[in-house]
A.B. asks: 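Next up is a structure, given as C-alpha cells.
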Amino acid sequence: MTSDIRITNTGSLLELSARLRAAGGPPVRAAMHRRIRRAAEPLRDDLQRTVRTLPIRSAGGASRSGPSPTTRPLRATIAAAIRITVRTTGNPGAKVWIDRGALPPDLRGMPKVMNTGRIRHPVFGNRRRWATQTTTPLWWENTIRRHRPRMEREVERILGDIRARID
C-alpha cells in the first residue's frame, strides 16, 4: 500500500521557495502553505469518507454479526488518523498520510491489511478460531488516483499565483 501521496513539482517549488525567502515573504509563504493545504483537504476528506463507508463482508456463509465487542469502531478510528502535511522548504509539497501513532497499537497495520482486500483475524481474540473478511481492495490508491489530476492543477495554479505576486 502506498503509505502517502506527494504532489510535488520539486524544481518549481524549490525555486519559488528560494525566491520567497529573498523577497522576505513569511506572509506570502504562509499564504502558499495555506492554499496548498486547502488543495489537499478534499483528498483527505474523500479518503476519510471512503474508509468510513468501506464495506467489510464476511467470507463465510452464516453470519453471526452483532455489535462490536470493542468501544472503538475500526473504520472511524482509521479515518481519524488520516493527516495532511505541507512543507514549503527542504522537500516542498503536500503529503496525505495515515498517522500510525494515532492508531491503537493493535490497529497500526490495519490500513495496509484493509488495502489488500482481505482481512484475516482471530474470532473475538480466540487464536484457535480465525475468520476471513473481504473489503474493496486498493481503496487508498483508487481514491488518490481520482484526486491526483485536480490536485496537480490546483498546485500549478497556486505556484503561478505566488510567482506573479513576488515578481
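All heavy atoms count here, side chains included; hydrogens, waters and symmetry mates do not.
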A.B. asks: Determine, step by step, whether I82 and W140 satisfy the side chain to side chain contact (heavy atoms under 4.5 Å, CB included) criterion, reporting the C-alpha distance in whole Å, the side-chain angles of both residues, the deciding distance to 0.1 Å, and the verdict.
C.D. replies: CA-CA 11 Å; I82 297 175; W140 181 266; 4.2 Å; yes
A.B. asks: Do M110 and L74 have side chains that get closer than 4.5 Å, going by heavy atoms?
C.D. replies: yes
A.B. asks: Examine distances only and state if a side-chain atom of T135 and a backbone atom of P55 form a donor-acceptor pair shorter than 3.5 Å.
C.D. replies: yes
A.B. asks: Tell me, with the steps shown, if D46 and R146 meet side chain to side chain contact (heavy atoms under 4.5 Å, CB included).
C.D. replies: CA-CA 10 Å; D46 197 24; R146 283 195 313 267; 3.1 Å; yes
A.B. asks: Between the side chains of E141 and R145, is the shortest nitrogen-to-carboxylate-oxygen separation below 4.0 Å, so that they form an ion pair?
C.D. replies: no
A.B. asks: To the nearest 0.5 Å, what is the distance between CZ on R153 and CD1 on I158?
C.D. replies: 12.5 Å
A.B. asks: Considering non-hydrogen atoms only, spot the tightest contact between W130 and V123 and give its length.
C.D. replies: C-CG2, 4.0 Å
A.B. asks: In Å and rounded to the nearest 0.5 Å, what is the CG to CD distance from L43 to Q48?
C.D. replies: 10.0 Å
A.B. asks: Using atom types as modelled and distance alone, determine if a side-chain donor or acceptor of R150 lies under 3.5 Å from a backbone N or O of A39.
C.D. replies: yes
A.B. asks: Within a strict 4.5 Å, meaning less than it, do heavy atoms of the R35 and R157 side chains meet?
C.D. replies: yes
A.B. asks: Is there a side-chain contact between P111 and L103 (heavy atoms, below 4.5 Å)?
C.D. replies: yes
A.B. asks: Show me the pairs that pass salt bridge (Lys or Arg N to Asp or Glu O under 4.0 Å) and involve residues 36-45, at least two apart or across chains.
C.D. replies: none
A.B. asks: In terms of hydrophobic clustering (I, L, V, M, F, W, Y; side-chain heavy atoms under 4.5 Å; direct or indirect links), are L138 and I119 co-clustered?
C.D. replies: no
A.B. asks: Would I98 and R83 satisfy side chain to side chain contact (heavy atoms under 4.5 Å, CB included), going step by step from the backbone distance to the final call?
C.D. replies: CA-CA 6 Å; I98 295 178; R83 308 270 192 261; over 6 Å; no
A.B. asks: Do you know which two heavy atoms are closest between A40 and V96, and how far apart they sit?
C.D. replies: CB-CG2, 4.2 Å
A.B. asks: Looking at H147 and P42, what are the two nearest heavy atoms and their distance?
C.D. replies: CE1-O, 3.7 Å
A.B. asks: Could you tell me whether the side chain of I56 reaches within less than 4.5 Å of the side chain of R75, counting heavy atoms only?
C.D. replies: yes
A.B. asks: Measure the spacing between CG of N115 and CG of L54 and express it to the nearest 0.5 Å.
C.D. replies: 9.0 Å
A.B. asks: Identify, with sequence neighbours excluded, every residue that meets side-chain contact (heavy atoms from CB on, under 4.5 Å) alongside P105.
C.D. replies: R108
A.B. asks: Scan M114, R118, H121 and name whichever one has a side-chain contact (heavy atoms from CB on, under 4.5 Å) with Q133.
C.D. replies: H121
A.B. asks: Rounded to the nearest 0.5 Å, what separates atom CD1 in I78 from atom CZ in R100?
C.D. replies: 11.5 Å
